[in-house]
Amino acid sequence: MYDFLQSLKVAIRGLLIHKGRAFLTSLGITIGIASVVMVVSIGSGAQSLITNQVTSLGSNLISVLPGGRFEDGPPVAMMGITVTTLKLEDADAINDPVNVPNVVAACAYVKGAATVTFGSEALDSFANGVSYTYTDVENAIISDGRFFTEQEQDSFGKVVVLGATVASDLFNGVDPIGQTIKVNREPFTVIGVLDARGAVAFQDRDNQVFIPVSVAQKIIFGLDYINLMRVKVDSSENIDRAKADIEATIRVLHDIRDPKDDDFMVESIANLVGMLMTITGVLKFFLAAIAAISLVIGGVGIMNIMLVSVTERTREIGLRKALGAKKGRILEQFLFEAIVVTLIGGTAGIAIGVLISGLVALVVQSMGYDWDLVISWSAVFIAFSVSCAVGMVFGYYPAKKAANLNPIEALRHE
Amino acid sequence: MTHHDKKILIELKDVHKIYGVDGAQTHALSGACLQIREGEFLAIIGHSGSGKSTLMNVIGFLDTVSRGEYFFKGQNVTTYSEDELAGIRNKEIGFVFQSFNLLPRTSAVDNVRVPLIYAGVPDKEQLERSIEALKAVGLEHRLQHVPNQLSGGQQQRVAIARALINNPSIILADEPTGNLDSKSGVEIMNIFKKLNDEGHTVILITHENNIAVQAKRVVEITDGKIIRDSGSSKLEKIVN
């Protein structure tokens with residue numbers, strides 16, 4: 001035990017003398033450990049950001065998408081294929097509590113790019129054909145005027161509600177209510193304006209106009225199907241039940257006997273969040289693996305620098321042996337040097353990793369995003385243990401070489 | 001009083017040292033015989049390649065013999081293990097080298113204490129004894145100096161303090177004045193003479209005659225054999 005402490009002291013004295021060399025050696029570990037800590041923390045933060053955003057879209061919402069599922073894969077619609085199996089009648093059926101007892105409201109969507117003009121002003125925007133239930137299903141607040149009614153939807157009324165950006169860009173302070181605008185050259189009367197809602201998943205929700213889905217289908221886009229349906233359920237506890245009711249209703253309407261033949265997909269936000277967590281979790285794992293590899297490379301770097309150090313200190317080693325140092329003591333000295341360096345480097349790496357993760361969180365939060373600062377202390381502990389292990393493993397070979405030097409030859413060296 | 005009253009410290013019996021493999025062997029020592037008593041002041045002289053360095057390494061427990069026997073203080077140390085040799089070096093030998101071999105960027109005190117670290121002496125005692133040893137060679141005002149702040153003569157004095165720190169049986173000096181100017185060289189030789197007067201056993205390795213003759217006994221080695229010995233062993237030749 002006493003010898004052990006003495007070797008430690010000799011090691012620390014040795015490091016203090018070769019400060020520059022010790023710093024260079026520890027650099028590899030510091031960078032490696034900092035990378036791992038940052039990747040795990042920033043990865044978790046990104047996960048939390050995505051899931052927070054998605055959850056803010058409504059945890060009581062169920063999405064119905066056209067096209068079946070490819071065995072636990074992403075929805076067909078996500079892969080860019082347009083499927084035309086979902087109809088407005090499906091939305092009407094779902095909106096009925098007789099079919100889906102837990103339904104609060106169901107909204108159908110048809111969306112496409114459109115040019116919106118008022119007088120001589122023109123704007124590249126999006127036309128959203130939605131059901132009259134839009135404001136019940138989405139977090140959308142009317143700031144001026146009103147939303148359209150069921151009668152206006154059934155009678156193909158050419159009325160439009162403007163998103164906040166469209167209203168401000170086209171009207172420049174003039175009251176839009178009652179004015180006529182053209183959507184893809186079709187005239188519509190403005191009946192309402194929505195409050196600004198900001199961006200979600202990098203989509204500007206304020207640069208859109210809202211018209212009845214029936215009108216969008218028939219007059220603007222010339223389609224008979226819908227892109228998407230969203231259903232608000234009364235409580236998140238009833239989501240699974242509502243999901244089952246929705247599936248049953250649509251199967252009846254589409255004459256589907258076997259669930260495997262479904263030409264639609266029902267997703268709850270909760271499911272979506274789960275899927276996103278899986279995808280981002282895999283990404284996070286791969287990034288962490290890359291960071292771990294950088295740690296190993298750092299370890300190899302340590303071994304190389306220590307080998308150089310042993311060569312440079314050959315005479316010193318020969319002298320110590322001549323003065324009575326046994327093999328084991330030399331081995332201890334150099335092994336401890338490696339371990340102390342990697343411990344210090346690892347601690348610095350953890351500190352830097354935590355610091356930078358905190359800074360990133362601060363910056364992203366100040367940009368208005370819902371980013372959580374996540375420090376996984378288990379990752380920190382693992383990183384710390386790894387840095388010790390790296391020191392022991394990669395420091396052993398050079399230390400052994402030092403211990404095995406022949407004192408006579410060593411003293412003659414250089 | 002003759003030397004015969006003093007104990008025999010070192011006894012080398014027909015010692016051979018062979019390097020290399022069959023067909024390409026070097027015989028560094030070919031049957032060297034030597035007897036050294038406590039308190040002697042001995043110079044080993046020879047040209048380069050004579051085997052004097054090998055002889056020093058064997059005496060100083062840095063190297064083992066291929067054939068023959070080495071008795072130290074009556075004990076047969078011929079077959080000692082590496083660790084045992086390290087232990088006996090630490091305790092019994094005080095090395096002084098031609099190129100001083102001080103640890104660079106390390107203070108005089110921290111240089112002198114090194115043998116005590118490997119002897120398992122507590123830190124506080126290490127410091128106290130190191131300071132005392134440096135005072136004894138006149139360097140009490142240079143305790144914290146590092147080697148490149150010291151002259152050659154001063155560095156060699158630090159090395160001598162280090163050599164003495166563990167109270168070894170033998171001071172083994174390899175060309176101690178080789179890297180010194182003549183004035184420092186004289187200083188160092190005087191220190192050795194003083195140490196010998198105080199009872200230390202001093203063995204000097206040199207190739208210079210004028211250094212060798214300052215010792216009390218001169219042993220000449222050529223081709224791995226001792227060919228001339230001015231010392232008391234003339235009267236007590238070791239029989240092969």
Side-chain angles (χ1 to χ4, degrees), chain A residues 1-24 308-337 399-414, chain B residues 17 19 28 53-58 60-64 80-107 109-123 126-127 146-147 159 162-166 168 172 174:
Chain A
M1 187 61 203
Y2 181 76
D3 279 354
F4 177 92
L5 277 173
Q6 282 288 328
S7 288
L8 189 57
K9 281 189 196 156
V10 171
I12 291 174
R13 261 184 236 137
L15 286 174
L16 287 172
I17 288 175
H18 300 101
K19 278 196 207 87
R21 180 59 59 71
F23 173 71
L24 275 174
V308 168
S309 180
V310 165
T311 305
E312 283 185 357
R313 290 156 75 183
T314 301
R315 284 196 86 167
E316 175 193 331
I317 296 165
L319 172 72
R320 287 182 183 272
K321 284 193 152 196
L323 297 180
K326 299 184 185 170
K327 260 191 180 174
R329 302 296 300 279
I330 302 284
L331 181 69
E332 274 172 12
Q333 175 187 348
F334 282 86
L335 195 56
F336 287 173
E337 278 193 26
K400 199 88 176 70
K401 276 198 87 180
N404 286 343
L405 284 175
N406 178 306
I408 299 172
E409 286 164 20
L411 281 167
R412 264 191 240 132
H413 193 261
E414 193 197 329
Chain B
K17 181 72 191 180
Y19 296 106
S53 302
T54 312
L55 185 60
M56 182 197 79
N57 289 335
V58 168
F61 305 104
L62 280 172
D63 209 352
T64 50
Y80 267 26
S81 69
E82 243 195 86
D83 275 0
E84 284 169 318
L85 288 174
I88 208 174
R89 278 200 299 273
N90 178 258
K91 252 184 88 201
E92 306 283 9
I93 310 284
F95 285 104
V96 180
F97 299 98
Q98 178 174 356
S99 50
F100 324 134
N101 276 335
L102 298 180
L103 295 175
R105 292 181 273 170
T106 308
S107 69
V109 173
D110 283 341
N111 257 296
V112 171
R113 80 202 284 187
V114 175
L116 297 179
I117 296 174
Y118 299 117
V121 168
D123 274 14
Q126 284 178 24
L127 272 172
V146 295
R162 179 181 67 192
L164 291 169
I165 193 77
N166 234 349
L172 200 47
D174 182 12

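Worth knowing before you read on, the calculation uses all heavy atoms, side chains too, and leaves out hydrogens, waters and symmetry mates. Not measured: the values here are computed from a predicted model. So you know, we letter chains A, B, ... as the sequences are listed, proteins then strands, and number each from 1.
No part of B:P168 comes within reach of chain A, as not one of its non-hydrogen atoms sits under 4.5 angstrom from that chain. Of the atoms belonging to B:N101, heavy atoms from both backbone and side chain fall under 4.5 Å from chain A. For B:F61, no part lies near chain A; criterion is any non-hydrogen pair under 4.5 Å. With a 4.5 angstrom heavy-atom cutoff, A:R313 does not touch chain B via any of its atoms. Of the atoms belonging to A:I408, it is side-chain heavy atoms, and not backbone ones, that fall under 4.5 Å from chain B.
One distance of note links CG of B:L85 with NZ of A:K326; it measures 10.5 Å at 0.5 Å rounding. Considering CG of A:N406 and CD of B:E82, their distance stands at 8.0 Å, rounded to 0.5 Å. Atom CG of A:L323 is separated from atom CD1 of B:I93 by 11.5 Å, given to the nearest 0.5 angstrom. Rounding to the nearest 0.5 angstrom, the gap separating the CG atom in B:L103 from the CG atom in A:L319 is 5.5 Å. Between the CZ atom of A:R320 and the CG atom of B:N90 there is a distance of 12.5 Å, given to the nearest 0.5 Å. Between the OG atom of B:S99 and the CZ atom of A:R412 there is a distance of 12.5 Å, given to the nearest 0.5 Å.
Of all heavy-atom pairs between B:V121 and A:Q6, the closest is O-NE2, 4.2 Å. Residues B:F97 and A:A322 share a closest heavy-atom pair of CZ-CB, 4.3 Å. Looking at every heavy atom in both residues, A:A325 comes nearest to B:A86 through O-CB, 4.0 Å.
By the neighbour-count criterion of 12 heavy atoms within 6.0 Å, atom CZ of A:F23 is sparsely surrounded, having that number or fewer from other residues, nucleotides or ligands. Heavy atoms of other residues, nucleotides or ligands lying less than 6.0 angstrom from NZ of A:K401 number 12 at most.
Contact count against chain A (heavy-atom pairs under 4.5 Å) is highest for B:N57 among B:N166, B:V114, B:N57.
Side-chain atoms of B:L62 and A:K321, non-hydrogen and from C-beta on, never get closer than 4.5 Å to each other.
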